[in-house]
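To start, the structure itself, in structure tokens.
Both counts, for ligands and for their atoms, begin at 1 and track the order of listing. We use all heavy atoms of the structure for the numbers below, so side chains are in, but hydrogens, waters and symmetry mates are not.
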Amino acid sequence: MDAAEPTGIALLGATGSIGASSLDVIARHMDRYRVVALSAHRDVAAMERLCRRFRPALVAMADPHAAAALRRQISDLSDTAVAEGAAGQTAVATHAEAQTVIAGIVGAAGLAPCLAAVEAGRRVLIANKEALVVAGSLIMNAARRSGAVLLPIDSEHNGLFQCLPARPGQPLSLAGVERLVLTASGGPFRDRDPATLSEVTVAEACAHPNWSMGRKISVDSATMMNKGLEVIEACRFFGLPADQVEVVVHPQSYVHALVQYRDGSTLAQMGNPDMRTPIANALAWPERVAAGVAPLDLVGAGRLDFAAPDDQRFPCLALARAALKAGRGATAALNGANEVAVAEFLRGGLRYDRIAGVIEETLAARPAEPDDTLEALIGHEQWARRQTTESLQRGRHR
Ligand SMILES: NC(=O)c1ccc[n+]([C@@H]2O[C@H](COP(=O)([O-])OP(=O)(O)OC[C@H]3O[C@@H](n4cnc5c(N)ncnc54)[C@H](OP(=O)(O)O)[C@@H]3O)[C@@H](O)[C@H]2O)c1
């Protein structure tokens with residue numbers, strides 16, 4: 001490719017929160033980046049707007065009805081093809097003109113396209129933490145085989161990445177790394193009276209104090225399952241055991257992650273809580289580009305507080321750590337059970353304070369450990385979804 005030619009970008013989950021932040025950064029640098037392919041599930045109106053603005057060569061809607069509707073809506077855009085179903089997501093992830101793929105689908109639905117991009121040897125920017133939770137070793141091994149460069153855009157993992165030595169592939173112990181620290185804001189219920197958690201509404205759970213995000217990750221942040229998924233993600237991504245990945249509550253969300261070194265040094269990555277910073281960092285790496293984010297005003301910030309997480313208030317964090325210890329089947333099942341429980345809470349069918357118990361019950365009933373193959377891991381994840389759905393249908397958690 002000509003050095004001056006813009007980098008082709010494929011964006012999975014283009015209509016979501018990560019999609020919007022990514023397109024905001026890309027739009028600031030149209031000389032460097034060109035949107036060639038976009039995907040979503042079924043938000044036709046949002047996708048039509050993106051097609052008219054960015055003129056991608058290919059868009060894919062996972063839902064075939066949405067794909068048909070989009071085809072009608074953009075029939076005047078003769079240069080944009082519309083694909084559908086799982087094959088459409090893979091076509092976006094492996095588009096021949098895309099050197100960089102942003103994995104921004106929510107949930108395990110993002111796993112197959114993310115893996116396809118990795119197998120195709122692309123530079124893959126991973127926001128879709130559930131893919132690493134369900135099949136982390138498959139993704140990391142596929143990257144080693146294909147030569148794909150994986151860059152984290154989950155803010156904490158991108159913060160770690162920025163504090164680590166720029167020698168990908170080197171074991172972190174050889175680089176003198178002792179511990180990775182992820183910060184957690186504590187979400188909207190950090191100080192709420194635990195006796196009232198049974199009354200939490202969907203609107204309250206989705207109203208994160210510092211970050212603006214999609215609904216599923218917002219609920220995960222409230223329960224702190226998000227931090228549990230991130231501990232798993234960090235272990236898989238950076239190749240460290242669980243006891244070297246710590247969580248610290250930091251309500252201001254200015255420090256995103258820290259790396260502690262053998263010599264007593266602790267490096268921290270800081271910034272305003274805005275996903276455009278980690279996205280810009282990964283898009284341009286090893287260079288830096290403007291993200292539209294104001295620099296951190298330390299005097300305005302005033303103080304930075306840190307505290308240990310409260311395991312009683314946030315049982316999902318301990319559930320995630322236990323699953324990580326138990327192995328890949330447990331983490332796949334944890335993800336499936338959590339996705340079903342959170343969706344049921346968002347639908348109004350499950351009390352907020354019962355989410356952890358539902359997941360725990362599914363994990364306790366797990367069948368034998370699956371093989372480390374995509375089919376086996378997805379099968380295990382789907383077993384957990386069925387098991388959780390049945391348990392919810394029995395109604396014991398209402
Ligand atoms: N938002 C953040 O600030 C943030 C920060 C760190 C990490 N993350 C991670 O990034 C991922 C995306 O989060 P988000 O907050 O951007 O979620 P979101 O706002 O809910 O957006 C999700 C995106 O995924 C698409 N999608 C959903 N189901 C799909 C399916 N079955 N097939 C194909 N596409 C599908 C949606 O399409 P439709 O719009 O058509 O439904 C939408 O484009 C999650 O894994 C999350 O944990 C997010």
Side-chain angles (χ1 to χ4, degrees), residues 10-25 37-51 59-67 69-70 83-93 102-114 116 124-134 151-159 182-185 187 206 208 210-223 225-230 232-234 237 253 256-257 272-279 281-282 293 335 338-339 342-343 346 378 385:
L11 175 53
L12 298 159
T15 52
S17 165
I18 287 291
S21 295
S22 301
L23 290 168
D24 184 282
V25 176
L38 298 173
S39 91
H41 187 199
R42 56 182 158 215
D43 190 340
V44 175
M47 188 58 103
E48 181 187 353
R49 281 193 296 277
L50 297 181
C51 289
V59 295
M61 305 301 284
D63 177 357
H65 300 293
L70 184 66
E84 63 188 52
Q89 301 294 315
T90 306
V92 167
I102 302 177
I105 293 174
V106 63
L111 167 56
C114 176
V124 185
L125 278 46
I126 303 185
N128 180 211
K129 64 193 78 183
E130 296 90 348
L132 285 165
V133 169
V134 175
L151 296 166
I153 54 177
D154 211 349
S155 59
E156 296 77 3
H157 304 72
N158 183 267
L182 308 174
T183 63
S185 68
C206 288
H208 196 281
N210 305 344
W211 296 93
S212 157
M213 308 183 285
R215 279 153 61 88
K216 190 261 179 182
I217 184 176
S218 295
V219 176
D220 284 348
S221 295
T223 63
M225 178 59 91
N226 183 49
K227 214 46 58 180
L229 298 178
E230 288 180 2
I232 300 167
E233 180 185 8
F237 196 92
S253 295
H256 303 129
N272 284 313
D274 187 321
M275 286 308 292
R276 291 176 299 173
T277 294
I279 290 168
N281 175 265
V293 181
N335 187 73
N338 182 55
E339 285 196 27
V342 170
L346 286 170
I378 288 180
R385 285 171 186 272

Contact (N/O only, under 3.5 Å) between [X] and ligand 1:
X	result
M61	no
I18	yes
D154	no
S17	yes
M213	no
G16	yes
R215	no
Q89	no
T15	yes
S39	no

Interatomic spacing from [atom1] in [X] to [atom2] in [Y] - rounded to 0.5 Å:
X	Y	atom1	atom2	result
S212	N210	OG	CG	11.5 Å
M225	N338	CE	CG	4.0 Å
I102	I279	CD1	CD1	6.5 Å
I217	H208	CD1	NE2	8.5 Å

Identity of the nearest option to atom 34 (N) of ligand 1, non-hydrogen atoms only, from S221, A40, S212, A103: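 Looking at heavy atoms only, the winner is A40.
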Between I153, V106, V133, which one has a non-hydrogen atom sitting closest to atom 44 (C) of ligand 1? V106
Near R42 CZ, under 6.0 Å, is it more than 12 heavy atoms from other residues, nucleotides or ligands?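 Open: at most 12 neighbouring heavy atoms sit under 6.0 Å from CZ of R42.
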May I ask you to identify, for A14, whether its side chain, its backbone, both or neither come under 4.0 Å of ligand 1 on a heavy-atom basis? backbone
Could you see which bit of K216 sits under 4.0 Å from ligand 1, with heavy atoms only: side chain, backbone, both or neither?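 The answer is neither.
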Closest protein heavy atom to [atom], given as residue, atom name and distance to 0.1 Å:
atom	answer
atom 15 (O) of ligand 1	G214 N, 2.9 Å
atom 11 (C) of ligand 1	I105 O, 3.6 Å
atom 8 (N) of ligand 1	I217 CD1, 3.6 Å
atom 40 (O) of ligand 1	R42 N, 2.7 Å
atom 12 (C) of ligand 1	G104 O, 3.3 Å
atom 37 (O) of ligand 1	H41 N, 3.0 Å

Is the shortest side-chain heavy-atom distance between [X] and [Y] below 4.5 Å?
X	Y	value
I105	P113	yes
C206	V219	yes
E130	L111	no
N128	V106	no
V124	L151	no

Kindly write out the residues that satisfy salt bridge (charged side-chain N to carboxylate O under 4.0 Å, His left out) with E233, not counting sequence neighbours, or none if the list is empty. none
Contacts of type salt bridge (charged side-chain N to carboxylate O under 4.0 Å, His left out), residue D274, not counting sequence neighbours: R276
Could you please spell out the steps behind the side-chain hydrogen bond (donor to acceptor under 3.5 Å, both in side chains) verdict for T15 and D43? CA-CA 7 Å; T15 52; D43 190 340; 5.0 Å; no
Show the atoms of ligand 1 that are less than 4.0 angstrom away from any heavy atom in [X].
X	result
K129	7 (C), 45 (O), 47 (O)
G13	23 (C), 24 (O), 43 (O)
E130	44 (C), 45 (O), 47 (O)
A109	30 (C), 31 (N)
A127	7 (C), 8 (N), 9 (C), 10 (O), 45 (O)
A62	32 (N), 33 (C)

With no hydrogens and no angle check, is any side-chain donor or acceptor of T223 less than 3.5 Å from a backbone partner on D220? yes
Check: E230 main-chain N/O paired with H157 side-chain donor or acceptor under 3.5 Å: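 Yes: the side chain of H157 pairs with the backbone of E230.
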